[in-house]
Amino acid sequence: GADWTQVTDDAGMLLAKSDDPAAEPADLTGSSLVTDALGDKPASGYGKDTQRLLQLISVPIAVPSAAGDRVVGVLMAARAVDTAFARAVKAASPDSIDVAFFAVDDSGPRLVANTIGNAAEVRLVIGALQWPTGGDSAVAPGMRTRTRFGGVEYVALGAPLRTASGSLIGGVVVFRN
């Protein structure tokens, strides 16, 4: 489920936010999630608030009209990328994997959730991978390495996490033994 949801009108103005009932109206058209949904196109990506990495999705709210469906607003939902999220990803895999998620901040990668090793060991693996800086989302050869945790050898494969507009905001590393 979502940690919070918010609704805009057809101009992208915030009408309501589930985790902040007193939220004032705000123009959210600076977000690709909102503008894409206002254009009748669902959108997804990652974002962050002051403390958390978030998985986000937005969908148009449409009503039927004589000329076809008319978009009257946007519904956006957010889920925190936290330990529960990481455990759910691990549990959903048919293989034996572990995962680590991180956000990119001004000071570099910041580990936000993982299911393997201690934080210092995981940060070393994240630092050893060559992360893309541009809009390329393909997994490059430098985003794969081998590592050991607790005497067990793992292949670590990294993938970037991007905002709906394509900006690099973090990453995920999948560990498989």
Side-chain angles (χ1 to χ4, degrees), residues 1-95 97 99-106 109-114 129 131-140 143 157-174:
D3 290 307
W4 57 259
T5 58
Q6 62 186 16
V7 176
T8 76
D9 64 13
D10 63 348
M13 293 297 292
L14 178 66
L15 297 176
K17 191 168 184 210
S18 65
D19 67 334
D20 185 6
E24 296 290 324
D27 182 357
L28 301 181
T29 57
S31 167
S32 294
L33 290 162
V34 173
T35 55
D36 285 356
L38 287 172
D40 203 20
K41 179 181 159 194
S44 64
Y46 290 83
K48 58 185 173 180
D49 60 18
T50 56
Q51 300 174 17
R52 303 176 300 178
L53 185 62
L54 302 167
Q55 181 185 44
L56 303 161
I57 186 165
S58 64
V59 294
I61 300 170
V63 296
S65 72
D69 287 350
R70 183 173 62 92
V71 175
V72 295
V74 172
L75 171 65
M76 182 188 299
R79 182 172 181 193
V81 177
D82 56 14
T83 302
F85 182 91
R87 286 183 185 143
V89 170
K90 176 181 172 138
S93 173
D95 297 320
I97 66 161
V99 294
F101 291 90
F102 67 93
V104 175
D105 295 326
D106 292 337
R110 176 178 49 87
L111 187 64
V112 296
N114 78 84
L129 298 172
W131 296 95
T133 54
D136 185 18
S137 62
V139 176
M143 295 175 70
L157 181 63
L161 300 179
R162 298 194 179 277
T163 65
S165 63
S167 299
L168 182 67
I169 197 160
V172 59
V173 180
V174 177

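It should be emphasised that the depicted structure is a prediction, and the values quoted were computed from it without experimental measurement.
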Are [X] and [Y] close enough that some pair of their side-chain heavy atoms sits under 4.5 Å apart?
X	Y	result
Asp69	Asp40	no
Gln55	Ile57	no
Pro42	Ser58	no

State, to 0.1 Å, how close [X] and [Y] come at their nearest heavy-atom pair, and which atoms those are.
X	Y	answer
Val74	Val34	CG2-O, 3.8 Å
Leu54	Ala80	CD2-CA, 3.8 Å
Arg79	Gly1	CD-O, 3.6 Å
Val71	Ala37	CG1-O, 3.9 Å
Leu129	Met143	CD2-C, 3.4 Å
Ala103	Leu53	CB-CD1, 4.2 Å

Ring pair (Phe, Tyr, Trp, His ring centres under 6.0 Å) partners of residues 68-87, not counting sequence neighbours, each pair once: Phe85-Phe101
- request: Provide the full list of ring pair (Phe, Tyr, Trp, His ring centres under 6.0 Å) pairs with a residue in residues 24-56, sequence neighbours left out, each pair given once.
  value: none
Side chain to side chain contact (heavy atoms under 4.5 Å, CB included) partners for Pro109, two or more places apart: Phe102, Ile126
- request: Kindly write out the residues that satisfy side chain to side chain contact (heavy atoms under 4.5 Å, CB included) with Ile61, not counting sequence neighbours, or none if the list is empty.
  value: Val7, Val72, Leu75
query: Does any pair with a residue in residues 2-18 pass side-chain hydrogen bond (donor to acceptor under 3.5 Å, both in side chains), and if so which ones, sequence neighbours excluded?
result: none
- request: Can you tell me which residue pairs pass the side-chain hydrogen bond (donor to acceptor under 3.5 Å, both in side chains) test with a partner in residues 81-91, sequence neighbours excluded?
  value: Lys90-Asp98
- prompt: Is there any salt bridge (charged side-chain N to carboxylate O under 4.0 Å, His left out) pair reaching into residues 43-57, and which pairs are they, with sequence neighbours excluded?
  reply: Lys48-Asp105, Asp49-Arg52
task: Return the set of residues passing side chain to side chain donor-acceptor pair (under 3.5 Å) with Ser165 (not counting sequence neighbours), or none when no residue passes.
output: Thr163
Report, one line per pair, each donor and acceptor closer than 3.5 Å where one atom sits in a side chain of residues 21-33; sequence neighbours left out.
from  : atom 1 : to    : atom 2 : distance (Å)
Asp27 : OD1    : Thr29 : N      : 2.9
Asp27 : OD1    : Thr29 : OG1    : 2.6
Asp27 : OD2    : Thr29 : OG1    : 3.3
Ser31 : OG     : Leu33 : N      : 3.1

